[in-house]
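The structure appears right after this line, and notes come after that.
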There are 2 protein chains.
Amino acid sequence: MTQIEYARKNILTSIMKKISSQESLSGEVFLKRLKEGKIVIPLNHKHKIKKPCAVGLGLKTKINANIGTSPDKDSSSDELEKLAVALKYGADTVMDLSVGSDIPGVRRRILKASCVPVGTVPIYEIAVNAQKKYKDLLRFDINSILDCLETQASDGVDFFTIHCGVTKKSLDALNSSKRLMGIVSRGGAMIASWIKKNKKENPFYEYFDRILDIAYRYDVTLSLGDGLRPGSIFDATDNAQICELKILGELKARANKRNVQVIIEGPGHVPLDQIRENILLEKKICRGAPFYVLGPLVTDIAPGYDHITSAIGAAMAAGYGADFLCYVTPSEHLRHPSAEDVREGVIASRIAAHAADIVKGLPQALEWDRKMSLARKKRDWQKQIKLAIDPQKAKLYRLSSKPDLSDVCTMCGKYCSIKLSEKCLKL
Amino acid sequence: MTQIEYARKNILTSIMKKISSQESLSGEVFLKRLKEGKIVIPLNHKHKIKKPCAVGLGLKTKINANIGTSPDKDSSSDELEKLAVALKYGADTVMDLSVGSDIPGVRRRILKASCVPVGTVPIYEIAVNAQKKYKDLLRFDINSILDCLETQASDGVDFFTIHCGVTKKSLDALNSSKRLMGIVSRGGAMIASWIKKNKKENPFYEYFDRILDIAYRYDVTLSLGDGLRPGSIFDATDNAQICELKILGELKARANKRNVQVIIEGPGHVPLDQIRENILLEKKICRGAPFYVLGPLVTDIAPGYDHITSAIGAAMAAGYGADFLCYVTPSEHLRHPSAEDVREGVIASRIAAHAADIVKGLPQALEWDRKMSLARKKRDWQKQIKLAIDPQKAKLYRLSSKPDLSDVCTMCGKYCSIKLSEKCLKL
């Protein structure tokens, strides 16, 4: 049975108990939301991990770190190092997006080494296999798709991104949308090209029920991908994007009916003033399904700093109700990320998630800020460093610049406003 | 005559012509907003600079970089290096916040070397002088205040932060506000301590007309400081903050009547869901005066990354109408910033400003993103690098990770979504 199925039978499983208590949510509310598909637990029956998590309404905003090989950067040990960095700095889940030479090998190593849920995008392995075998990455069919899903599920993958919303219909909407950037999703471009080449419907859409069979058997959560997400702020919230979202909303209902858990993926590149609308639309169209956003990046002009452009968008998105943030690293649009890029991406994403958790009213989030403010007021530097999101960096900064007086910092020295307030104002 | 006085006589000065044309705003609209105090030109008669700017409604969001010595970091050449970095990376103004040993010397060197407007916080020099002379930083009076303002104005300072809203009344509001962090503004703490010690009203408030005399003579823009800004998200938008803002609103009207230009300073530490309210309140209470925000930082827990916590808040604030962003560096709350911290702070702040300019509908901002998206679609790497907010970093990333195929990047290599779309979908 899947977690949603247990919930529907009103059975609070041990994993539900553990997670709801960590999240300070009553078992009853947790069960109700799981039942309605507003909360998911991405956890394959076959994957034993120390830090499972749930994603959805009323929970801490989760963040995901993408890792994985590419044709140009094809070292599994590099990816395992990035996994370690992502875990150290607090990623709640990781996705293996490998498109290098040994996809199954890398995946299995990541699954084994990860203490958090692991996701994949199976179309990558399917296309890379086709490329290897036939020198044509589009030469695949429903059988090779199902074979790949079965293998990955039996390996223990906890969630799959499935681009089932790229259909003849949504591609018609794309054609009439007159986009600046076209399709920027790798999986989305593969499926769209397959549809055009074969003049057939997207097999992930056409055979969705057979995909559900596999997902159900292993309790793999389906993350319904946004293959038509905007890749430029000019393409945000257009007909193509909304048409795809509506298809995902229908498929979400079908999957939940079959006791398969679902997450919805979202943009992308979105200007500040369209972020709220994007979240509200998803929540309405997909009946409260957990929303997993990539960024959104609020401008296109800052390659090298897209962890910042996306932290801005992600904080707003999560503040308005997005549940799950896919990190973006400083290397986005420029190169395959390094371990240092992963570190910067995870931290920026956690800052965004935490800023949102404050306005989501999560008691643990508020308590963290309260403790930090108190340590700051007391000028207790050890405590400030300990409480910092990255104690190592905070310590390094503090030690690099020693003040003459030990209870202040080198910014103001003896003119410290907090010290002055304490001394003269008894504040 | 001051710029606002010229505007009131319907005289479009050469500087107004130059700036309004750069900003693609008609002279007529520019003049009207200058007249109403919704736009300011911070430019001392005595300061000749190559890059003057205006701040306010309908203009590009401006960003300020703070530099200046401290008792522990007291090198004027370090500060001149930071000035050069701030200018190179695009600061629209700088503020010299020195509290080291030779405040006038540092200020004069910065004024001479800067091609953009320079601001100061005169209370720092006043208090540091009192500390030197009497070993009591609070031993100053209206005469030493006016002397300092006169000297700084005649040196050519373009805008002064004046903490005239910290009064007996706003301190009463502070006492009843039961704040977590008290006063975190250095100038605010000095004035509040002075009021308490002397049991007299704030001389910057009491003798505001005499300050206006000096500001008027040199056309120094007054930036009315928020000495009671929140220093923790728990203190945001409280009675003390709003009480002070109302006082600033009254003083803004008085200053404008005397043909002195005014900017209003704002928070600080503010949770995501109070940012909009903060901007709307300032715009209402201060009748559209340009709003200059420090951050706001949307969480307290990320020392080492406060350029990111503040870029999130600043983008939102400017998106809702803030006009002027004071940068925050990664060293905030930890140490006196290094030149590298200045670089990171300026860029994060410019990203926030630009993201807001997109939703403010500024044609030049939109055009920049459009060009970048087109270069990305064409996989024109040279153009992408040239258009990047920091071409040096973008180039470094690109060169550090060379792809096998020159028209893609190492993230996806031959599986590039844009290349696939072009080839198979003719997008």
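To find a chain, count down the sequence lines: A is the first, B the second, and so on, and within it residues start at 1.
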(message) At a 4.5 Å cut-off on heavy atoms, which part of B:Leu137 comes close to chain A: side chain, backbone, both, or neither?
(response) side chain

(request) With a 4.5 angstrom heavy-atom cut-off, could you sort out which part of B:Phe234 is near chain A: side chain, backbone, both or neither? (result) side chain

(request) Please state whether the side chain, the backbone, both or neither of A:Lys196 comes within less than 4.5 Å of a heavy atom of chain B. (result) side chain

(message) Using heavy-atom distances under 4.5 Å, tell me whether A:Met411 contacts chain B through its side chain, its backbone, both, or neither.
(response) both

(message) Is A:Gln274 in contact with chain B via its backbone, its side chain, both, or neither, using a 4.5 Å heavy-atom distance?
(response) neither

(request) Give, as side chain, backbone, both or neither, the part of B:Leu387 having an atom under 4.5 angstrom from any heavy atom of chain A. (result) backbone

(request) Pick whichever of A:Leu138, A:Leu174, A:Val128 has the most heavy-atom pairs under 4.5 Å with chain B. (result) A:Val128

(request) Sort A:Pro391 into side chain, backbone, both or neither according to what part of it lies under 4.5 angstrom from a heavy atom of chain B. (result) neither

(message) Can you see whether B:Tyr124 has B:Arg186 sitting over its ring - NZ or CZ less than 6.0 Å from the centre and within 45° of the normal?
(response) yes

(request) Answer with side chain, backbone, both or neither: which region of A:Ser185 has an atom nearer than 4.5 Å to a non-hydrogen atom of chain B? (result) backbone

(request) Determine, for B:Arg343 against B:Asp390, whether the closest basic-nitrogen to carboxylate-oxygen distance falls under 4.0 angstrom. (result) yes

(request) Give, as side chain, backbone, both or neither, the part of A:Trp381 having an atom under 4.5 angstrom from any heavy atom of chain B. (result) side chain

